[in-house]
Amino acid sequence: MQRQTNILIVEDEPAIADTLIYALRTEGFEPVWRGTGREALDELGERPFALVILDVGLPDANGFELCKIIRLRSPNVPVLFLTARNAEVDRIVGLEIGGDDYVTKPFSPREVSARVKAILRRATAHAPPPPSANQHTPPPFAPKKKESGFVHDEERCEIRHNGTRLDMTRYEYRLLKVLLARPGRVFSRDELMTQAWEDPGASLDRTVDAHIKTLRAKIRAVAPDIDPIQTHRGLGYSLRPLA
């Protein structure tokens, strides 16, 4: 694990923050604590962070709404929700708006550290490698792979539909990439988790369903009359081949 990786903790309870700071420093991270949403946004504007640990119940902001703002400003920064809420609907909402994982209070500091490391491993594993000096750069109009009405530019990790670029989270992109590879083939949830998540065992139940739901909404925003992702009850999902 790379040392001195900045982790932003957004938590209004000093005792909880102190516990997290100690646990993360023990693992070689450099935690920064802020107690309000406004302070957190100011801090994100000052320096880069590898990950944000975000409490849902802040004194000046709702953590879910704050996550939406963070996603707009720093779309590639992973977010780990920290909250006393344990209802399934809260977990699903957190995933739908772009959260990477969810830990409920009371929690083990070691568990939080382990989840932080798992999230960062996933992010590092799927980051595009920097171009080398001898690497061939494709021309700006290089042919792109087209499947089922979509245009997939794997070098840019970009997928277009009806000529419009889909603004997806990294997990939405990975799910659609798996489905695009074999249109018509039914993938079980376990298969999608294994192929789209670096550490599928650390993810929550119904994670695939939540991300498929948001992915469908983004596709419908581009093509309201088309639903290319087909649900196979009790089996999984497939990409419907388009004529």
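Here the structure is a predicted model, which means the values were calculated and not measured.
Connection of Val112 to Tyr22 is not established within any shared hydrophobic cluster, with ILVMFWY side chains joined at heavy-atom distances below 4.5 Å, either directly or through further cluster members. Hydrophobic cluster membership differs between Val186 and Ile229, with clusters built from Ile, Leu, Val, Met, Phe, Trp and Tyr side chains linked at under 4.5 angstrom. At a threshold of 4.5 Å between side-chain heavy atoms, the hydrophobic network of Ile, Leu, Val, Met, Phe, Trp and Tyr places Leu179 and Leu235 in two separate groups.
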### Criterion side-chain contact (heavy atoms from CB on, under 4.5 Å) on Leu66 and Leu41, from CA distance to verdict
CA-CA 9 Å; Leu66 186 60; Leu41 291 177; 3.7 Å; yes

### Task
Determine, stepwise, if the pair Thr214 / Glu172 fulfils side chain to side chain donor-acceptor pair (under 3.5 Å).
CA-CA 8 Å; Thr214 57; Glu172 291 167 352; 2.6 Å; yes

### Message
Does Thr36 form a side-chain contact (heavy atoms from CB on, under 4.5 Å) with Leu58? I'd like the steps, not just the answer.
### Response
CA-CA 6 Å; Thr36 67; Leu58 296 171; over 6 Å; no

### Message
Assess the residue pair Arg220 and Asp227 against the criterion (side-chain contact (heavy atoms from CB on, under 4.5 Å)); give the C-alpha distance rounded to whole Å, side-chain angles, the decisive distance to 0.1 Å, and a yes or no.
### Response
CA-CA 7 Å; Arg220 287 196 193 102; Asp227 184 8; 3.5 Å; yes

### Task
Begin with the C-alpha distance, continue with both residues' side-chain angles, and end with the deciding distance and a verdict on side-chain contact (heavy atoms from CB on, under 4.5 Å) for Phe187 and Val208.
CA-CA 11 Å; Phe187 291 88; Val208 170; over 6 Å; no

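Note that the CZ atom of Arg47 and the CG atom of Leu8 stand 8.5 Å from one another [nearest 0.5 Å]. How far CD1 of Ile212 is from OH of Tyr171: 15.0 Å, rounded to the nearest 0.5 Å. Here the CE-CG distance, from Met193 to Asp190, works out to 7.5 Å after rounding to the nearest 0.5 Å. Taking CG of Leu176 as the start and OH of Tyr237 as the end, the distance is 14.0 Å to the nearest 0.5 Å. Once rounded to the nearest 0.5 Å, the distance linking CZ of Arg156 with CZ of Arg165 reads 11.0 Å. One distance of note links OG1 of Thr169 with CZ of Arg174; it measures 8.5 Å at 0.5 Å rounding.
For Tyr173 and His152, the gap between ring centers is short of 6.0 Å.
The two residues Gly35 and Pro59 have their closest heavy-atom pair at O-CD, 3.8 Å. The shortest non-hydrogen separation linking Ala40 to Arg34 is N-CB, 4.1 Å. Listed here is the closest heavy atom pair of Ala50 and Thr5: CB-CG2, 3.0 Å. The two residues Asp12 and Gly57 make their nearest non-hydrogen contact at OD1-O, 3.5 Å. Across Leu54 and Gly63, no two heavy atoms sit closer than the pair CD2-O, 3.3 Å.
Using a 3.5 Å distance cut-off with no hydrogens or angles, the side chains of Arg216 and Thr231 do pair a donor with an acceptor.
A donor-acceptor distance shorter than 3.5 angstrom exists from the side chain of Asp60 to the backbone of Arg38, with no hydrogens or angles considered. In terms of modelled atom types and a separation under 3.5 Å, the side chain of Glu43 and the main chain of Glu39 share no donor-acceptor contact. At distances below 3.5 Å, at least one donor-acceptor pair connects side-chain atoms of Asn62 with backbone N or O atoms of Glu65. Checking side-chain atoms of Trp33 against main-chain N and O of Glu11 turns up a donor-acceptor pair under 3.5 Å. Under the 3.5 Å distance criterion, the side-chain polar atoms of Lys105 are left unmatched by any main-chain donor or acceptor of Leu82. No donor-acceptor distance shorter than 3.5 angstrom exists from the side chain of Thr164 to the backbone of Arg160, with no hydrogens or angles considered.
Under the 30°/60° scheme for interplanar angles, the aromatic rings of Phe81 and Tyr102 are found to be tilted.
Heavy-atom neighbours of Arg185 CZ from other residues, nucleotides or ligands within 6.0 Å: above the threshold of 12.
Side-chain contact between Ile53 and Leu24: present, with at least one pair of heavy atoms (C-beta onward) separated by less than 4.5 Å. Leu44 is listed as a side-chain neighbour of Val52, based on a closest heavy-atom distance under 4.5 Å. Contact check for Val32 versus Ile7: no side-chain heavy atoms found under the 4.5 Å cut-off. With contacts defined as side-chain heavy-atom distances shorter than 4.5 Å, the pair His232/Ser238 qualifies. The shortest distance between side-chain heavy atoms of Phe29 and Leu120 falls below 4.5 Å. Annotation: side chain of Ile159 is not in contact with side chain of Val151 (no heavy-atom distance under 4.5 Å). Residues Lys218 and His161 fail the side-chain proximity criterion, which asks for heavy atoms closer than 4.5 Å. Counting only heavy atoms from C-beta outward, the side chains of Leu80 and Val116 approach each other to under 4.5 Å.
Checking Arg71, Arg121, Arg115 one by one against Asp100, the salt bridge (charged side-chain N to carboxylate O under 4.0 Å, His left out) holds for a single residue, Arg71.
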